[in-house]
Amino acid sequence: MPADSDLTDLEAARRKKLEDLRARGVDPYPNDFAPEHTAADVHARCGSASQEDLDGGADAVSVAGRIVGLRSFGKAAFLHLQDRSGKIQAYVRKDIVGADTFQTFKAMDLGDFAGVVGRPFRTKTGELSIEAAEIRLLTKALRPLPEKWHGLTDVEARYRQRYLDLVANAEVRETFRVRSRIIDGIRRFFTARDFIEVETPMMQPIPGGAAARPFVTHHNALGMDLYLRIAPELYLKRLLVGGFDRVFEINRNFRNEGISVRHNPEFTMLEFYWAYATYEHLIGLTEELVVQLADDILGTRQFPYGEHTIDVSPPWRRIRIPEYVADKAGLPLDKILDLDLETIRAAAQALGVRVDPDLEKHHGVNAPGYMLTEVFEGAAEPELIQPTFVTDFPAAVSPLARRSRERPNFVDRFETYVVGREICNAFSELNDPDDQRARFEAQLAAHAAGDAEAHVMDEDFLRALEHGMPPAAGEGVGIDRLVMLFTNSPSIRDVILFPHMRAARGLGPEIHAVDEPSEA
RNA sequence: GAGCCGUUAGCUCAGCCGGUUAGAGCAUCUGCCUUUUAAGCAGAGGGUCCUGGGUUCGAGUCCCAGACGGCUCACCA
């Protein structure tokens with residue numbers, strides 16, 4: 001217990017009550033009260049009942065929750081209990097519960113957990129309430145709740161002490177309920193289509209499947225470095241080789257990159273692979289998935305996001321990268337399709353897009369493809385507000401995707417954009433092991449030239465492809481961004497319960513690794 | 001990583017051009033109060049003004065450095 005001098009007067013008052021309760025033989029932390037109803041149960045059961053109905057003798061209910069409102073008189077009080085379902089008011093009278101219980105009740109504060117047993121009734125203002133025949137202290141809270149009217153608004157405190165944010169802010173609770181329903185809806189969507197859910201390694205000896213910088217950790221017993229995965233792709237494809245020809249995984253990816261309103265170091269991805277399908281099938285499936293989630297969770301296909309109204313009704317708009325750039329820049333499409341560097345450079349100029357000056361150094365012969373993608377993203381992303389499928393990516397930026405039959409410099413791939421953000425990335429999968437090896441080698445060359453995020457060679461993956469991977473299409477969906485969209489949340493931190501922050505002074509980590517990770 | 005902005009009581013916030021003992025509401029404590037719902041009435045207590053330097057007769061206020069946070073940009077999904 002902290003020294004008295006370290007306590008605020010609010011904490012000291014609560015500890016005094018704690019000691020007084022113990023002195024009177026009241027356990028401030030019991031675990032023998034089992035509520036039979038939630039607040040919502042009581043409202044559902046009695047919500048339509050009139051005062052006369054209830055006076056006719058309603059059955060007693062028992063509820064438990066945190067005291068989030070308390071209006072106390074001399075010998076009676078009203079309080080609101082909040083549980084997972086919502087709030088219910090209780091009315092406590094000294095002449096009903098008895099002097100001893102009432103004395104215990106007087107030691108309860110805003111923020112304590114309490115259990116109430118009693119019959120529902122209506123107050124004279126009409127609010128459904130429980131007339132307490134019994135009230136129990138279930139947990140004494142030693143620190144006060146945030147202010148009842150303004151709640152907790154300090155963003156730093158909201159993220160660092162999410163538990164207080166959840167207690168104080170109903171819309172935050174709702175956001176995370178929606179998140180849960182989205183993930184549940186995705187599971188049901190895929191299992192209904194005969195996909196099986198799998199879990200592949202989060203710690204990988206070779207970080208593959210995406211272009212990103214990984215976190216490194218170290219396994220002491222094996223004496224080897226492991227990487228937190230940046231994507232599950234190469235493992236899920238191994239499962240296609242193994243005969244699981246419809247698989248999905250919902251799990252975390254980790255990328256050692258910047259933090260922003262759209263980026264958290266760990267984020268949740270849905271990835272799924274569907275054998276004998278193409279990216280065209282995935283376009284239809286993606287529309288179906290999002291529409292079903294919108295119908296089930298929001299009950300509408302038009303909903304607000306910031307200043308926009310998003311409409312997910314299919315079919316969604318489609319844009320082909322070469323056509324878009326040629327058209328916007330007023331340059332010939334055939335030159336773009338040939339990946340003519342000077343034409344693409346002219347397009348960047350015409351569209352006012354600044355391209356990475358190291359592109360050519362890093363990517364060599366692949367540079368035109370990278371540059372075209374940058375030009376497109378720079379020019380188009382801000383206007384991709386309604387759901388849009390962007391197709392015809394250059395093969396150079398898609399080392400795991402199948403080449404387009406009509407446009408061999410391009411691949412059968414799409415990204416889905418909503419509100420200027422990528423939320424899906426999908427393609428027909430490359431299953432030609434020799435082409436895959438050549439693509440890896442181009443990535444290795446880019447890495448050697450200075451691209452820290454280039455893919456690395458994975459010989460076992462190539463060996464698996466040599467055993468034969470069925471033709472397939474695969475897709476990744478950023479769950480956090482989908483939840484942002486559905487909950488009208490401006491920051492990814494609003495949809496991640498415990499987003500990453502710098503260590504707070506005095507509350508930072510005190511554990512240090514015994515074995516330091518070896519130098520990468 | 002860069003620029004801009006912020007940090008005052010448990011919470012939400014005032015605090016003017018640098019000038020008495022840093023304020024308010026809620027919360028807390030004491031008293032009264034058996035249908036309130038931001039309950040009410042009367043009184044009281046509560047501060048590392050983010051941290052460390054500096055300027056000044058005097059710093060919450062001005063300057064410098066740092067910590068943490070927000071926004072924008074960069075990287076990226």
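A quick note: this is a predicted structure, and the numbers were derived from the prediction, not measured. Numbers restart at 1 for each chain; the letters A, B, ... are given by sequence-line order, proteins then strands.
Considering only the side chain of A/R255, B/rA77 comes nearest among B/rU34, B/rA77, B/rA38. If you check B/rU72, B/rU35, B/rC75 against the side chain of A/Y91, the one that comes closest is B/rU35. Distances from the side chain of A/E147 to the nucleotides B/rC29, B/rU36, B/rG10 place B/rG10 closest. Here the side chain of A/F73 is nearest to one of B/rC75, B/rG70, B/rU34, namely B/rU34. Side-chain proximity of A/P146 to the nucleotides B/rU35, B/rC11, B/rG45 is greatest for B/rC11. For A/R502, the listed nucleotide lying nearest its side chain is B/rG1; candidates were B/rG1, B/rG70, B/rU12. With B/rU12, B/rU35, B/rC71 as the choices, the nucleotide that has an atom nearest any side-chain atom of A/F121 turns out to be B/rU35. In the set B/rA77, B/rG69, B/rU28, the nucleotide with an atom closest to the side chain of A/D9 is B/rU28. When distances run from any side-chain atom of A/L152 to the nucleotides B/rU12, B/rU36, B/rG10, the shortest one goes to B/rU12. Nearest nucleotide to the A/D95 side chain, out of B/rU34, B/rU36, B/rG69: B/rU34.
Salt bridge A/D83/A/R66: absent, no basic N to carboxylate O contact under 4.0 Å. A salt bridge links A/K140 with A/D112: the closest approach of a Lys/Arg side-chain nitrogen to an acidic carboxylate oxygen falls below 4.0 angstrom. Residues A/E360 and A/R345 are paired through a salt bridge, judged by an N-O separation under 4.0 Å between the basic side chain and the carboxylate. Ion pair A/E383/A/R317 flagged as a salt bridge, since at least one NZ, NE, NH1 or NH2 atom sits closer than 4.0 Å to an Asp/Glu carboxylate oxygen. Remark: A/D480 does not engage A/R262 in a salt bridge, criterion side-chain N to carboxylate O under 4.0 Å. Under the 4.0 Å criterion applied to side-chain N and carboxylate O atoms, A/K17 and A/D109 are assigned as salt-bridge partners. Ion pairing between A/K16 and A/D20 holds under the 4.0 Å rule for side-chain N and carboxylate O.
The CD-P distance, from A/E381 to B/rC73, rounds to 12 Å in whole Å. Between the CD1 atom of A/I259 and the P atom of B/rG1 there is a distance of 11 Å, rounded to whole Å. Counting to the nearest Å, the C1' atom of B/rU34 and the CZ atom of A/R93 are 6 Å from each other. Straight-line distance from the NZ atom of A/K75 to the P atom of B/rU34: 5 Å, rounded to whole Å. Following rounding to the nearest Å, A/D494 (CG) and B/rC71 (C1') show an atom-to-atom distance of 14 Å. Per the geometry, OH belonging to A/Y159 stands 17 Å off C1' belonging to B/rU7, to the nearest Å. Regarding A/E131, its CD atom lies at a distance of 11 Å from the C1' atom of B/rU34, rounded to whole Å. The distance from atom CG of A/N169 to atom P of B/rU12 is 10 Å, rounded to the nearest whole Å.
Nearest heavy atoms, A/F272 versus A/L282: CE1-CD2, 3.6 Å. Nearest heavy-atom pair across A/R481 and A/E422 is NH1-O, 2.9 Å.
Residue A/T153 has a polar side-chain atom (N or O) positioned under 4.0 Å from OP1 or OP2 of B/rC13. Note on A/K124: a side-chain N or O is less than 4.0 Å away from OP1 or OP2 of B/rU36. The side chain of A/K16 contributes no N or O atom lying less than 4.0 Å from OP1 or OP2 of B/rU28. Taking only side-chain nitrogens and oxygens, A/R160 never comes nearer than 4.0 Å to OP1 or OP2 of B/rC68.
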Original post:
For RNA chain B, what is the dot-bracket line, given that a base pair needs Watson-Crick (N1 to N3, plus N6-O4 or O6-N4) or G-U wobble (N1-O2 and O6-N3) geometry with both distances under 3.5 Å, and | means paired with another strand?
Top reply: (((((((..((((.....[...)))).(((((.......))))).....(((((..]....))))))))))))....

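Using a 4.0 Å heavy-atom distance criterion, A/A168 is classed as making no nucleic acid contact. Residue A/D356 is out of contact with every strand shown, counting any heavy-atom pair closer than 4.0 Å. Within 4.0 Å of A/M269, counting heavy atoms only, lies no atom of the nucleic acid at all.
For A/E127 against B/rU35, no side-chain N or O and base N or O form a donor-acceptor pair under 3.5 Å.
With centres under 5.5 Å and a plane angle under 30°, the ring of A/F267 is stacked against the base of B/rA77.
Regarding the sugar-base torsion, B/rC64 falls in the anti class, its angle being beyond 90° of 0.
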